[in-house]
Amino acid sequence: MRRRLFFLLPLALFAAIALYLGFGLTRDASVLPSALIDKPVPAFSLPGLAPDAPGLDDAALHGGVTLVNIFASWCVPCRVEHPQLMALAREGVPVYGIAWKDKAEDTRAFLAELGNPFRAVGSDGSGRVGIDWGVYGVPETYVIDREGRIRYRHVGPLLPQHVEERIRPLLKELGG
Amino acid sequence: MIVEFGHFALALALVVALVQATLPLIGAARRQGPLMALAAPAALAQFALLALSFLALTQAFVVSDFSVAAVVANSHSLKPLLYKVSGVWGNHEGSMLLWVLILALFGALVALFGGNLPPTLRARVLAVQAMIAVGFLLFMLFTSNPFDRIFPPPPDGNDLNPLLQDPGLAFHPPMLYVGYVGFSIVFSFAAAALIEGKVDAAWARWVRPWTLLAWSFMTAGIALGSWWAYYELGWGGWWYWDPVENASFMPWLVGTALLHSAIVVEKRDALKSWTILLAILAFSLSLIGTFLVRSGVLTSVHAFATDPDRGVFILGLLVLAVGGSLLLYAWRAPTLQGGGLFAPVSREGALMLNNLIMVTAAGTVFLGTLYPLFLEAVDGSKVSVGPPFFNATFVPLMLPMLAALGAGPLLAWKRGDLAGVLGRLRMALVLAGAVAFATLLLTYGQDGYTAALAALGLGLAAWLAGAIAVSVQERAGFGRPGATRRLLGLPRAFWGMTLAHLGLAVAVVGITGAALWQSERVLAMRPGDKAEIDGYRLVFEGVGAHDGPNYRATQGRFRLEDDAGRALATLVPERRRYVVSGMETTEAAIRSTGLGDIYAVIGAADANGAYTVRIYHKPLVPWIWMGAFVMVLGGAVSLTDRRLRVGAPTRARGAAALPADAGD
Amino acid sequence: MTRILSVLALLLWVSAAGAVQPDEMLADPAAEARARAVSRDIRCLVCQNQSIDDSDAELARDLRLLVRERIRAGDSDTAIRDFLVARYGEFVLLKPRMSSRTWLLWFGPLLLLAAGAAGLAVYFRRRPAAPATEPTLDAGERDRLARLAGEDRP
């Protein structure tokens, strides 16, 4: 009898492997979870899009629940998600922007064309601040709580269902 | 019209496969000759239908029939003919058709050459083979049909990925598939044996040529892929431990173990249930590999366009095939009687050691490849397991195996005398020591770690080569009269083994050199500039332009000189821009001698007109491919050994004269 | 989920010609060699399974420059890795660090080998030792053996 159990071992092992493989089918292998969840926003100070325009620094992200959107003018999905950001801004959600690896004049043109939902925009031409945030592509959207901690990162364009199912509930929960 | 015909042939093949999968099995259980006799013609018909289907798809690609979706996605009218043809399998749907075609090919081969198999076994083998075919044909017809039409047909196609437009890569998939899918027939033999309830020396004899065939092609396919990566991807890497590479390496490792353990079954009638398990495992790993490549579960440079729906289907096939066979194994294997006895230190023991290390190595690669997935399922965290892990774990496993490989083939069956064998191998030990010492001297000045590894690698290769020389000498007896006659009279299986092991030694030398002694220079060069590397000099003569059939290229001309200033070669690396996709590729210029490669790559020009030039000196790298070639040669030579191919023919004639319980 | 950068990176990867550009390289060869060694263990996050040393992607280049910057600033290799892990998670390291999560990975091969060796030991212990001599056959059995073996001699 024990000998028979021994022969069942390969099958048992395979069953476990098959379960894991099945699990693997349910996730998107390309999405990386943020390493900064529940950690404070990295300290940064970025210039604005014009010499006289105010930039963005981490101080602005303390004291209230905010959204930070990493975008660029050359990024096509950023255009797709822009209406959601405009809608959120119209509702009074504080949305801030970081233009990632973009030329300031191109960013200005982008916002002029599509509308500017951001209370302030920082221009991260070199992408170094993006690295501090753990950004690996655009667009990405972060939800920041009152204490200036990153609570959620959305990778890829913000589609209406993402806003409804993830962002709004979280904003409400955080008291924004 | 031809496309519809191809589609119809595919569907018809499914019907034939369904018949082949069921009726012969019933016939074998009930000992009904006519039902069993259906198997062979069905297998041949299935192959013929799939061959027609494949030809139909090829025709669509060759004439650039852009009403077929697969042709639009993967071809273009300007593409050279060779790549129009290789585009047939350069995509998911077409490669699946190639997959089932080769599956059917092996079934047909057994139908043609398996005349001396007992009818029940043959019927069952072909039935199991057909079951696999049914699964994959259903998969194709429902989710991955290469004959899907697109309306309206666009004027031209999207072109095949330029990286795939290369002779090496044109042949890599077919060869790899013959290996990958070839293990299916061994799997079928194992399942059939379990259903029969009998595994004996005869079974091992029948299985061995098929295992050799699959293994040889797999070795060739993997080596071809590795060589392609080396010369095409532009920085001379030849193995990345990429999940899809691992997916082909794992069946290869288990297949090697299977080859060796089948010998013990054949010679000594022992290790039966273990060998059956290995046969199931080899093809299971092929199936898991197919799943990994096509489901999107792991990121990989190789992955086809991923589709979770397809992944679910393949997972289902996997569960049925592997789960079913392992269930069969758990049920039937305990009834298999053990056979010959042997001491731990013996030829059988050495073969078991080979198995232990090969299977552990396969398990290690499996663990590393799938660990990120396992971990994420358990607690959601993501880790990367990359080349550093595999190099740190795989290499130490191989070292004791190389050491044992020298002595193993010289040990006697049943009970070996290790001390005696080592005494016979004195010369090999001395040679190994000398080579290791010489290597340490050569690498004096490099860091200690590199020097030690190099000495170990080359020393072990020398040990292996020396041991092989001793084993040949013992059999041929040079120095005594008649040596040549004895040499030529040695069985081909012995030559096959000798060549395969020698090929491994050669490859180890190449791997050692490639891993430890590569030099690189990265420079911004203008025409007229010179660069030096390891005693060679490269003079940048100038830039030119060149148009290919579907690309435009910038070429750099470099004169390679040795340290005395003598011109050795002209290297012309290219940077190509394919007109349809806009993709850019680099074509490295490689000057290869037996001892190493000089490898030059030209990049884009910067604002000042200086080109980024990368120059590599890669000592001993060609030995990797040469070693693989010799290994494949060994497999081929073994295949030509009449004993293995014929199996047990006289049994059929003599069996009638023997009492019923004889020989069983 | 289309991410423009992933697509862009893939296109760039296709054109890969090795990746370090002359303008990135450090002047000091020893430091540059160190930078290359560290880079080989850092994953390119927008590529399919490459290190930043091998990849042509822009993010890979940014990270390569970052690594060299930190070397110039005097950071140790471990500090550089910690810096990147703090921002991108353990995923960014191609060589997983030993932790409670990864000890199964690192010790796995050894465990497998031990299990296999144990299996072999059990196998040998279960069976009686091999006979020192071959059992002898009587005349009738020898005849039968000869008939069965026939031309089929291994």
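This structure is a prediction, so every number in the text was calculated from the model and none was measured.
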To the nearest 0.5 Å, how far apart are [atom1] in [X] and [atom2] in [Y]?
| X | Y | atom1 | atom2 | value |
| --- | --- | --- | --- | --- |
| B:Tyr329 | A:Leu9 | OH | CG | 10.0 Å |
| B:Leu336 | A:Phe7 | CG | CZ | 7.5 Å |
| B:Phe374 | A:Leu21 | CZ | CG | 6.5 Å |
| A:Leu11 | B:Trp331 | CG | CH2 | 14.0 Å |

Between B:Val322, B:Val319, B:Ile280, who has the most heavy-atom pairs with chain A when the cutoff is under 4.5 Å?
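Most heavy-atom pairs within the cutoff with chain A belong to B:Val322.
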Among B:Gly380, B:Ser273, B:Pro372, B:Gly323, who wins on heavy-atom pairs under 4.5 Å with chain A?
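Heavy-atom pair counts peak at B:Gly323.
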Atom CZ of A:Arg166 with >12 non-hydrogen neighbours under 6.0 angstrom
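No, not enclosed.
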Which pair of heavy atoms, one from [X] and one from [Y], lies closest together, and at what distance?
| X | Y | answer |
| --- | --- | --- |
| A:Leu8 | B:Ala330 | CD2-CB, 3.5 Å |
| B:Leu315 | A:Gly22 | CD2-CA, 3.4 Å |
| A:Gly24 | B:Leu373 | CA-CD1, 3.4 Å |

Quick one: are B:Leu370 and A:Tyr20 in side-chain contact, heavy atoms under 4.5 Å?
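No - every pair of side-chain heavy atoms lies 4.5 Å or more apart.
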Just so I know, are the side chains of A:Phe14 and B:Ser284 near enough to count as touching, which here means a heavy-atom distance under 4.5 Å?
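In short, these two side chains do not touch, never coming nearer than 4.5 Å.
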